[in-house]
Amino acid sequence: MRTLTQVSVSADRGTQAIQDGTLEKVIQETAERWHPEAMYFTADERGNRTVYIVADLPDASDMVVFAEPFFQRLGATLRVAPVMNQEDLGKGLGKLQQQ
């Protein structure tokens with residue numbers, strides 16, 4: 001299942017994670033393990049360091065393995081939502097028309 005995940009880390013915790021190298025390690029490990037389609041870095045509306053990750057999680061249980069490094073090592077908050085690309089939308093609309 002393709003997901004869009006918003007990972008937000010408080011400015012204080014993020015600064016600490018940058019200084020001790022944890023932030024870079026977690027991002028690198030995420031990229032190597034999940035091969036995301038995209039990762040975008042920004043700040044959220046509260047000023048938290050934030051990354052948006054588009055990645056395929058083959059099984060719902062993979063959410064645990066995907067999310068825990070962010071929770072445990074960065075104290076992050078996450079929002080995970082299933083998403084579609086244009087091809088997925090086309091397939092879905094085709095199925096809808098067949099009903």
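Below, all heavy atoms of this structure are taken into account, side chains as well, without hydrogens, waters or symmetry copies. The model shown is predicted, which means the values in this text are computed figures rather than measured ones.
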Which pair of heavy atoms, one from [X] and one from [Y], lies closest together, and at what distance?
X     : Y     : value
Ala67 : Leu78 : CB-CD2, 3.7 Å
Gln6  : Asp44 : NE2-CB, 4.1 Å
Ala11 : Gly47 : CB-O, 4.3 Å
Ser8  : Thr50 : OG-OG1, 3.1 Å
Gly14 : Val9  : N-CG1, 3.5 Å

According to a 4.5 Å side-chain heavy-atom criterion applied to Ile, Leu, Val, Met, Phe, Trp and Tyr, with indirect links allowed, do [X] and [Y] form part of one hydrophobic cluster?
X     : Y     : value
Met84 : Leu93 : yes
Tyr52 : Val54 : yes
Val80 : Leu74 : yes
Val7  : Phe41 : yes
Val65 : Met1  : no

Quick check for you: to the nearest 0.5 Å, what is the distance between [X] atom [atom1] and [Y] atom [atom2]?
X     : Y     : atom1 : atom2 : result
Met39 : Ile53 : CE    : CD1   : 4.0 Å
Thr77 : Phe70 : OG1   : CZ    : 11.5 Å
Ile18 : Arg13 : CD1   : CZ    : 13.0 Å
Asn85 : Lys91 : CG    : NZ    : 8.0 Å
Arg33 : Gln28 : CZ    : CD    : 14.5 Å
Leu57 : Thr5  : CG    : OG1   : 6.5 Å

Counting C-beta onward and ignoring hydrogens, is there a side-chain heavy-atom pair between [X] and [Y] closer than 4.5 Å?
X     : Y     : result
Val26 : Thr30 : yes
Asp56 : Thr3  : no
Glu68 : Arg73 : no
Trp34 : Asp62 : yes
Arg49 : Thr15 : yes

query: Is the shortest distance from a Lys or Arg side-chain nitrogen in Lys25 or Glu29 to a carboxylate oxygen in the other one below 4.0 Å?
result: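 Glu29 and Lys25: not salt-bridged.
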Over 12 foreign heavy atoms within 6.0 Å of [atom1], [X]:
X     : atom1 : result
Met63 : CE    : no
Glu37 : CD    : yes
Tyr40 : OH    : no
Glu32 : CD    : yes

message: Go through it in stages, so that I can follow the logic: the residues are Asp12 and Ser10, the test is side-chain hydrogen bond (donor to acceptor under 3.5 Å, both in side chains), and I'd like the CA-CA distance, side-chain angles, deciding distance and then a yes or no.
response: CA-CA 5 Å; Asp12 291 342; Ser10 71; 5.7 Å; no
